[in-house]
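Remarks on the structure that follows.
Lettering follows sequence order; numbering is per chain, from 1.
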Number of protein chains: 2
Amino acid sequence: MRIGELAGRAGTTARAVRYYESRGLLPARRDAHGHRTYDERDLKLLREIRTLQDFGFELEETRPFVECLRAGHPEGDSCPASLAVYRRKLDELDALIGELRAVRARVAGQLSRAEQARTELAAEALVPGGPEPRCELVPEQAPGGQER
Amino acid sequence: MRIGELAGRAGTTARAVRYYESRGLLPARRDAHGHRTYDERDLKLLREIRTLQDFGFELEETRPFVECLRAGHPEGDSCPASLAVYRRKLDELDALIGELRAVRARVAGQLSRAEQARTELAAEALVPGGPEPRCELVPEQAPGGQER
DNA sequence: GCTTCCCTTGACGTCGGCGTCAAGCCGTAC
DNA sequence: GTACGGCTTGACGCCGACGTCAAGGGAAGC
């Protein structure tokens, strides 16, 4: 098959396939017209790359899987180098998830603190003789005149 | 104070400060020599930007906070537009964390499946008269000839 | 013949948040 | 003097994974 069909069957684009080739993954044979030709094994390679990309793996991280398949192993993760990438990715994911949860907690804290402050301000504004409101309580929609 | 001191006190660089100015955040006065000059209020603005950036907010998302401070409110999150950004960010964080956890689970599943397959292969290799091993069990270090 | 589609290579654009270099001005310390 | 540090503007570089456009070739359908 040619590049368009290959890409379509893997759910990607011809441009991406050429890019993978330029990176040394997924080399291609050529037919008499200079067109790239691929077989089912190439499709499996490409699908392996796409799956890992969808997981958030960088292209370089897919290389061990691709080389493992090209070496004749039944799956891309049949080789120890691929398993090492899995483990490294798990560590990265754990670290990232932990950071994001910490950020989430801090943002949530800021939000509740700010909401509390606004509530108190609103309460003060209701007190007879209280201070004039320092913050408008309506959300800004399109002020007009803040661009650039 | 001038740009270098401002940046240093906020833990960032003069280049970043000029970039924020080019984006319309943090405008600067100029002295007789054309040098940018800042005061303590600018420092507070800049620290607000840096804090939010450290949380992973995009620059545009810091704009409501900066405008809120410049409008004279006590905190960057004293205005409803800022609270809206907080809430949107919480939603984004929740979605992202959820996706990452799903990916983590799938990768972990792939890893344990692949490890299991390797264990079984190793066991077969030990059976007298069993199949020859299809996968090398040693990790690849520096094969030599795989660069580029 | 003509249109349409797929293919080729090459090269520049995208996005965000700056880093880094170039060339020059200014004031101060030695 | 002159060396140094800090400031100015302008412009290009970077990262990753492609998108998109240009200019052309070749085959298939009408």
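In terms of phosphate contacts, B/R36 brings a side-chain nitrogen or oxygen within less than 4.0 Å of OP1 or OP2 of D/dT9. The shortest distance between the side-chain N/O atoms of A/T13 and the OP1/OP2 oxygens of D/dG19 is below 4.0 Å.
Of the residues in residues 37-59 of chain B, not one comes within less than 4.0 Å of DNA chain D through any heavy atom.
Considering only heavy atoms from C-beta on, B/V17 comes within 4.5 Å of B/Y38 through its side chain. Within the 4.5 Å cutoff, the side chain of B/E48 has heavy atoms near those of the B/L69 side chain. Residues B/D77 and A/Q110 form a side-chain contact, since some pair of their non-hydrogen atoms from C-beta on lies under 4.5 Å apart. Looking only at side-chain heavy atoms (C-beta outward), B/E115 and B/L111 come within less than 4.5 Å of each other.
Residue A/R15 is the one, among A/H35 and A/R15, whose nearest nucleotide of DNA chain D lies closer to the 5' end (criterion: closest heavy atom).
B/R18 comes within contact range of at least one nucleobase, with a heavy-atom separation under 4.0 Å.
Atom CZ of B/R87 has more than 12 heavy atoms from other residues, nucleotides or ligands within 6.0 Å.
Tested against B/Q116, the residues B/R113, B/E120, B/R118 include a single side chain to side chain donor-acceptor pair (under 3.5 Å) partner, B/E120. For the side chain to side chain donor-acceptor pair (under 3.5 Å) criterion with A/D42, the lone passing option out of A/R47, A/R70, A/R29 is A/R29.
The distance between atom CG of A/L25 and atom P of D/dG16, rounded to the nearest whole Å, is 14 Å. Whole-Å rounding puts the A/R2 CZ to D/dG26 C1' distance at 9 Å. One atom, CD of A/E60, and another, P of D/dG16, lie 9 Å apart when rounded to the nearest Å. Distance OH (A/Y19) to P (D/dG16): 8 Å, rounded to an integer number of Å. Distance A/H33 NE2 to D/dG26 C1': 7 Å, rounded to the nearest Å. The distance from atom CG of A/D31 to atom C1' of D/dG25 is 13 Å, rounded to the nearest whole Å.
B/Y20 and B/R15 are not linked by any side-chain donor-acceptor pair at a separation below 3.5 angstrom, with hydrogens and angles left out of the test.
Nucleotides of DNA chain C lying under 4.0 Å from heavy atoms of chain B occupy a range whose first and last members, 5' to 3', are C/dG17 to C/dG27.
A/F55 has its ring centre no less than 6.0 Å from the ring centre of A/Y86.
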